[in-house]
Protein chains: 2
Amino acid sequence: MFSQSEENYLKAIFHLTTAEKKGISTNAIAEKLATKPSSVTDMIRKLSDKKVVSYKKYYGVSLTNSGRKIAANIVRKHRLWEVFLVEKLHFSWDEVHDVAEQLEHIQSPKLIQQLDHFLGFPTQDPHGDPIPDQDGNLKTIEKRLLSTLLKNEAGVCIGVDDSSSEFLKFLDKRGITLGKHIKVLEKEAFDDSLIIEINQQKMTISKKIANNLYIQKS
Amino acid sequence: MFSQSEENYLKAIFHLTTAEKKGISTNAIAEKLATKPSSVTDMIRKLSDKKVVSYKKYYGVSLTNSGRKIAANIVRKHRLWEVFLVEKLHFSWDEVHDVAEQLEHIQSPKLIQQLDHFLGFPTQDPHGDPIPDQDGNLKTIEKRLLSTLLKNEAGVCIGVDDSSSEFLKFLDKRGITLGKHIKVLEKEAFDDSLIIEINQQKMTISKKIANNLYIQKS
DNA sequence: ATAAATATTTAGACAAGTCTAAAAAATGTT
DNA sequence: AACATTTTTTAGACTTGTCTAAATATTTAT
Ligand SMILES: [Mn+2]
Ligand SMILES: [Mn+2]
Ligand SMILES: [Mn+2]
Ligand SMILES: [Mn+2]
């Protein structure tokens, strides 16, 4: 069994791991969890003793197979709870994260199995992120940042990178939600802003926004 | 804000408090929480500093108004989650307690408000216990232990005192569930066992069982 | 009213998780 | 290659919640 704190570290490492990045740095973990690097070193050592991460002093850390599975399961729980909150309890997509941060630590395999069933075995959470299956496998969805689309390319908005409440509320205000069709009408080279068409109207989008919206090209 | 441990202590004191008993003893709390009396003394002191219990050394502890409200809210959450698990996720009544012990600590007023709504504002949990309202008020239900009924008295089974998994499974096996009509046919003075009628058939019930079943007289 | 038994508190210790400050290692720059 | 900067680790401390063993207070029994 892993403590809430240990679970949070495993999840942080999981999220910081990408195809390229192998060894996750102490500082990166500290920043993600809003703790100090010295605390990270301590915890990493404990997780290493428990064989869920492999660690070489000064050269970062990575999840073992068993660690990856545990982390994926926490992500699975987080995202299933997010679906529950939005679909069943009518939370909006910007309100679910903090509650899911707590719910993801509830220990009960039956609970998650039944919840999954109750929700109709969803494959994505309210932010468009994929929900890992029981074995921790994660289906990657074909997607690109809006900022990488060229003029006259188009697609469907299927996810966000930043899922902070502020950003999501901003999107709501602009009428940008998952499933909406977006077409790039203009790209402004000067400040990398875009003019897009969405909901049958033109809209100017800053670089920062375009860098946080995922599009499935059509 | 209160830690999970602090919440568990408040809830334990809440449950140990009855109309008669004013000062709850250190040992009683220790037993309920499966800790040592010395740990209880430490925690009581902390809760006293936070003004949620009043405490006189050597003479037990009792909840203040603010402490009672906090405790009632935890009980409210526990019982609402139990309803959720049974009604929506198809847990049986003997499986819900341990999961609810965890879920009761999730902090989110909106979550509980919406859950309450989603469940249709239930007034009782799966074990027949009343669910406190938002202000911590608890409606007491008119009920008596089966063991206090006299020969030929009858009523409806509306709750259990012991809600351990073992006892509940035992009741399931005997076909004794909430809502069932029960009539006392005989009382055996020798061992205080009862012969009752339930589901159109006779059944012998030991004193121990009769002491843990609540009946609403009809 | 004493003595014995029981309940409660105190003293001191420990594990988990965190922090600050200092030391050591790795990396970047001239 | 030597020095400066950044990153990481170590050392030592602190908080929370727990425990054991010993001391003290209360209650019960004689
Ligand atoms: Mn989230
Ligand atoms: Mn999400
Ligand atoms: Mn319960
Ligand atoms: Mn219950």
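In what follows, chains are A, B, ... by sequence order, proteins preceding strands, each numbered from 1. All values derive from a computational prediction rather than experimental measurement.
- Screening residues 111-127 of chain A for side-chain hydrogen bond (donor to acceptor under 3.5 Å, both in side chains) gives A:Arg76-A:Asp116, A:Glu82-A:His127 as the qualifying pairs, with residues at least two apart or on separate chains.
- A:Leu47 places its CG atom 15 Å from the C1' atom of C:dT18, with the value rounded to the nearest Å.
- To the nearest angstrom, P of C:dA15 lies 14 Å from NZ of A:Lys50.
- Residue A:Ser5 is classed as a sugar-phosphate contact, given heavy-atom separations below 4.0 Å to backbone atoms only.
- What separates CZ of B:Phe2 from C1' of D:dT16 is a distance of 15 Å, to the nearest Å.
- For the pair B:Ile44 CD1 and D:dT18 C1', the interatomic distance rounds to 15 Å; values are reported in whole Å.
- Atom-to-atom distance recorded for A:Ile70:CD1 and A:Glu6:CD is 9.5 Å, nearest 0.5 angstrom.
- Distance CE (A:Met43) to C1' (C:dA15): 12 Å, rounded to an integer number of Å.
- Applying the side-chain hydrogen bond (donor to acceptor under 3.5 Å, both in side chains) test to residues at least two apart or on different chains, the pairs with a partner in residues 137-146 of chain B are B:Arg144-B:Thr148.
- Residues that satisfy the side chain to side chain donor-acceptor pair (under 3.5 Å) test with A:Glu153, not counting sequence neighbours, are A:Lys217.
- B:Asp192 is linked by a salt bridge (Lys or Arg N to Asp or Glu O under 4.0 Å) to B:Lys207, counting only residues two or more places apart in sequence or in another chain.
- Distance, B:Glu31 CD to C:dT8 P: 12 Å, rounded to whole Å.
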- Item | Protein-to-nucleotide contact annotation, 5' to 3' order, nucleotides 6-11 of chain D [B base; S sugar-phosphate only; - none; under 4.0 Å, heavy atom] | -SBBB-

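- The distance from atom CD of A:Glu6 to atom P of C:dA16 is 9 Å, rounded to the nearest whole Å.
- For A:Asp162, the side chain to side chain contact (heavy atoms under 4.5 Å, CB included) partners at least two apart in sequence or on another chain are A:Ser164, A:Phe167, A:Asn212.
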